[in-house]
Amino acid sequence: MESLGRPLRVGFIGAGKMACAILEGMVLSDQIQATNVLVSAPSDKNLLKFKGCGCMVTHSNEAVVEDCKVVFLATKPHVLPGVLKDISDAVTKEHIIISVAAGITLETLEKFLPPETKVLRAMPNLPCVVQVGAVVFARGSCAGNQEAAVLKTLMSGCGLCEETPESYIDIHTGLSGSGVAYVYMFAEALAEGAVKMGMPSDLANKIAAHTLLLFLQGAAKMILETGEHPAKLRNDVCTPGGTTIYACHELEKGALRATVMNAVEAGTKRAQDMGKS
Ligand SMILES: NC(=O)c1ccc[n+]([C@@H]2O[C@H](COP(=O)([O-])OP(=O)(O)OC[C@H]3O[C@@H](n4cnc5c(N)ncnc54)[C@H](OP(=O)(O)O)[C@@H]3O)[C@@H](O)[C@H]2O)c1
């Protein structure tokens, strides 16, 4: 991407897992070259990985703002207010500031930054690293169509990227941000079931992962491509009196659906509470 005929400079404040996932998605999809990315963090622990990918690195958050037009705020939420205070003097109306911190509202971001700052709040998830993430974002009061378009373009390589009302962002956190962990737990449980029935753990884990890879990918495609409700598609694969309906009965007895619904609700409420504090 270019800005005024020069390659666009993109900065990351925070060099952790999420910064890495977004960067990989952007670089793999050719939206940006690593050499035009500047990343800051207090220690070298994670910066070295970014340096290895060809990015520029620094310990100064202000240097990122001074050098880059688009700046992702990718620290943990509790350190973000301090970071916003640090960078506030360097932020201008030309910047596009994108926070990915869970629970930190647009109102809070705008309160800490100079008036008229163009702020966006995005909620990605880790599968962005393999370009199958799901990102939702909302724009602050001074961010317009152009800023939303820049974010969408940069994130296009990360997977699905949708603009939504801000209130959906916490729900997305409970659904998709945390959903990756639910899927790992499901993989673990599938394998443990096979171990219980006598299969060695290594093999069970491999088969569980392949089951998720092939079947979930296929199942997800079916939902997206047919537009059918998942309940209808599940019904279609349950042969009357067959193994699947017997197994599904056990999942119902264990209240799988109610438990997952509770998990999404708990994740959403936790993100809402974090925003309030
Ligand atoms: N992980 C997810 O699945 C996920 C999903 C959605 C949203 N998010 C959001 O993404 C954000 C980052 O999460 P993460 O999982 O990437 O965290 P993480 O791996 O712990 O990384 C946090 C990064 O912030 C850096 N940092 C700490 N204090 C800083 C400061 N004062 N100035 C600049 N950088 C500082 C850390 O530096 P060091 O390298 O020196 O330790 C580290 O590089 C969070 O706000 C989270 O809510 C994460």
Side-chain angles (χ1 to χ4, degrees), residues 21-22 25 28-29 100 102 121-138 148-149 151-153 155-194 197 204-272:
I22 297 171
L28 282 175
S29 60
V100 299
R121 181 182 167 200
M123 186 48 58
N125 60 3
L126 286 179
C128 288
V129 74
V130 282
Q131 299 180 278
V132 291
V135 184
V136 296
F137 74 91
L151 174 59
K152 268 199 132 174
T153 307
M155 294 294 227
S156 61
C158 293
L160 178 79
C161 183
E162 294 276 339
E163 183 169 6
T164 67
E166 189 180 11
S167 61
Y168 292 3
I169 289 185
D170 289 334
I171 304 174
H172 176 72
T173 306
L175 167 65
S176 184
S178 314
V180 183
Y182 314 155
V183 173
Y184 286 136
M185 286 178 84
F186 189 67
E188 186 189 350
L190 279 179
E192 299 263 285
M197 298 315 292
N205 278 318
K206 262 189 227 161
I207 294 178
H210 275 268
T211 305
L212 292 188
L213 187 70
L214 298 174
F215 288 109
L216 279 191
Q217 217 175 51
K221 265 193 170 166
M222 284 292 283
I223 296 172
L224 293 172
E225 285 171 14
T226 64
E228 295 281 10
H229 193 280
K232 154 90 173 59
L233 296 169
R234 177 180 54 80
N235 192 45
D236 289 349
V237 296
C238 285
T239 308
T243 54
T244 310
I245 191 66
Y246 269 70
C248 285
H249 187 201
E250 291 302 318
L251 293 176
E252 288 292 21
K253 282 196 247 171
L256 177 83
R257 285 184 301 165
T259 307
V260 174
M261 285 168 71
N262 286 342
V264 175
E265 185 178 350
T268 303
K269 285 189 171 159
R270 177 69 186 133
Q272 287 166 343

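Just so it is clear, the model here is predicted, and its values are computed rather than measured.
- We find the CE-CZ distance between Met222 and Arg234 to be 14.5 Å, quoted to the nearest 0.5 Å.
- Between Asn125 and Ala134, the closest heavy-atom pair is OD1-N, 2.9 Å.
- The shortest heavy-atom contact between Ala208 and Ala187 is CB-O, 3.6 Å.
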Working for side chain to side chain contact (heavy atoms under 4.5 Å, CB included), residues Thr164 and His172: CA-CA 10 Å; Thr164 67; His172 176 72; over 6 Å; no
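- Counting heavy-atom neighbours within 6.0 Å of Lys152 NZ, excluding the residue itself, gives a total above 12.
- Interatomic distance, Gln272 CD to Ile171 CD1, rounded to the nearest 0.5 Å: 7.0 Å.
- Nearest heavy atoms, Phe186 versus Leu212: CD2-CD2, 3.9 Å.
- Scanning both residues, Ala138 and Pro165, for their nearest heavy atoms gives CB-C, 4.4 Å.
- Within 6.0 Å of atom OH in Tyr182, more than 12 heavy atoms from other residues, nucleotides or ligands are found, so the atom counts as buried in its surroundings.
- Using a distance-only test at 3.5 Å, with no hydrogens or angles considered, a donor-acceptor pair links the side chain of Gln131 to the main chain of Gly157.
- A search for side chain to side chain donor-acceptor pair (under 3.5 Å) contacts involving Glu225 returns nothing, not counting sequence neighbours.
- Nearest heavy atom pair, residue Tyr246 against residue Gly241, reads CE1-O, 3.8 Å.
- Nearest heavy-atom pair across Val100 and Met123 is O-CE, 3.7 Å.
- We find the CE-CG distance between Met185 and Leu190 to be 12.5 Å, quoted to the nearest 0.5 Å.
- Within the 4.5 Å cutoff, the side chain of Cys158 has no heavy atoms near those of the Pro124 side chain.
- Expressed to the nearest 0.5 Å, how far SG of Cys248 lies from CG of Asn235 amounts to 9.5 Å.
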